[in-house]
Amino acid sequence: MQNILVIGSLNMDMVIHLKEIPRVGETVMGKLHGYVPGGKGANQAYAAAKLGHGVSMLGKVGNDDLGKQLIDNLSNVGVDVSNISCQQDETSGIAIIYINEEGDNSIVVLPAANSACDTDFIANNEEVISKSKIILIQLEIPLEAAYLAIRLAHKHGCTVMLNPAPAPDSIPDEILKLVDYLTPNESELEKLSGTPVKDVDTAKKASDILLQKGAKNVIATLGREGAIWVNKDGSKVFKVEDIEVVDTTAAGDTFNAAFAVGLSENMSIDEAIAFANKAARICVSRNGAQSSIPSRSEIC
Ligand code: RIB
């Protein structure tokens with residue numbers, strides 16, 4: 001049995017470096033950094049495996065070379081890929097990623113085969129879900145499929161982690177009530193709570209709104225400020241040591257996977273967040289998505 005099941009997207013990332021991310025109507029010159037395996041779901045599965053944990057992934061790729069490369073990259077680090085299926089007559093997901101000089105990014109996702117990770121596919125994989133301990137879900141697959149996965153995971157007594165990325169306008173309270181750990185970044189927290197997030201205090205207020213809607217724990221990642229954990233008993237900020245930021249792509253994915261690994265290894269929530277901060281800190285110091293994710297031995 002694999003302890004952690006990641007349900008989500010696989011994309012090939014086309015990474016473009018440029019001085020500044022273009023504004024509407026602007027044309028800028030960029031430099032192609034390369035094609036790197038990515039996708040929020042695949043990144044999280046890859047990270048859990050690199051951190052030395054048994055992990056399986058449920059998702060879809062297209063019937064093309066990219067799909068094969070995406071699966072191979074996961075398989076090479078030990079992810080159980082037997083639940084990733086190939087969607088006939090579809091291409092694999094692609095993400096176009098702009099990285100500016102500060103290492104911050106803007107991402108456009110073309111979901112393609114990820115759209116076929118739909119409610120039928122999830123329903124057909126209920127048994128895989130039922131055999132897992134922790135389910136890690138993001139929102140680059142159809143929303144209704146993600147929500148069904150959450151319902152099934154809850155029904156089978158799994159710990160449910162929802163990384164609400166990209167964030168929809170809202171998540172039904174009925175779904176939030178089934179989520180054990182909701183892990184937005186600042187912009188996702190702002191969108192879901194409907195209140196501005198500018199610093200730790202406003203992140204706490206926004207997290208409280210999501211707790212009132214039903215989430216049991218909100219663990220929000222705050223970039224260079226680290227992370228904040230908020231639940232009914234209070235809140236705690238977890239600072240992260242400074243590091244030179246090269247590329248923030250997959251930092252949130254690495255954080256989520258490391259947190260899940262920590263929980264699965266019976267770390268306390270405090271320990272698991274500290275562990276996740278360390279892993280994400282290394283990730284931002286390197287280029288690319290899966291290419292930037294650290295191994296267990298790099299995190300002391
Ligand atoms: O979280 C980073 C990921 O978002 C990238 O790898 C890209 O594929 C998009 O899904």
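First listed ligand is number 1; within each ligand, the first listed atom is number 1. If you're wondering where the values come from, they're calculated on a predicted model, not measured in any experiment.
Looking at E188 and K40, no side-chain N of the basic residue comes within less than 4.0 Å of a carboxylate O on the acidic one, giving no salt bridge.
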Check: Would D247 and T249 count as a side chain to side chain donor-acceptor pair (under 3.5 Å) if you check the C-alpha gap in whole Å, the side-chain angles of each, and the deciding distance to 0.1 Å?
Finding: CA-CA 6 Å; D247 177 355; T249 309; 2.6 Å; yes

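Some N or O of G39 is nearer than 3.5 Å to an N or O of ligand 1, by distance alone.
Among N163, N43, L162, the single residue meeting the side-chain contact (heavy atoms from CB on, under 4.5 Å) criterion with Q138 is N163.
Close approach of ligand 1 to D13 is summarised as follows: ligand atoms under 4.0 Å from at least one heavy atom of the residue are 5 (C), 6 (O), 7 (C), 8 (O). Here is the list of ligand 1 atoms found below 4.0 Å of a heavy atom in G38: 6 (O), 8 (O). If you number the atoms of ligand 1 from 1 as listed, the ones under 4.0 Å from a heavy atom of A289 come out as 6 (O). Close approach of ligand 1 to E140 is summarised as follows: ligand atoms under 4.0 Å from at least one heavy atom of the residue are 4 (O), 9 (C), 10 (O). Those atoms of ligand 1 that come under 4.0 Å of a heavy atom in A95, given as number and element, are 7 (C), 8 (O).
Heavy atoms from other residues, nucleotides or ligands lying under 6.0 Å from CG of D65 number 12 at most. For Y98, the OH atom sits in a loose shell: 12 or fewer heavy atoms of surrounding residues, nucleotides or ligands are nearer than 6.0 Å. For K213, the NZ atom is loosely surrounded, since the number of other residues' heavy atoms within 6.0 Å does not exceed 12.
Scanning the protein heavy atoms around atom 4 (O) of ligand 1, the nearest turns out to be K40 NZ, 3.0 Å. Of all protein heavy atoms, the one closest to atom 3 (C) of ligand 1 is N43 ND2, 3.6 Å. For atom 2 (C) of ligand 1, the closest non-hydrogen atom of the protein is D253 OD2, 3.3 Å.
At a 4.0 Å cut-off, not a single heavy atom of S9 sits close enough to ligand 1 to count as contact.
Side-chain polar atoms of S92 and D64 form a donor-acceptor pair below 3.5 angstrom.
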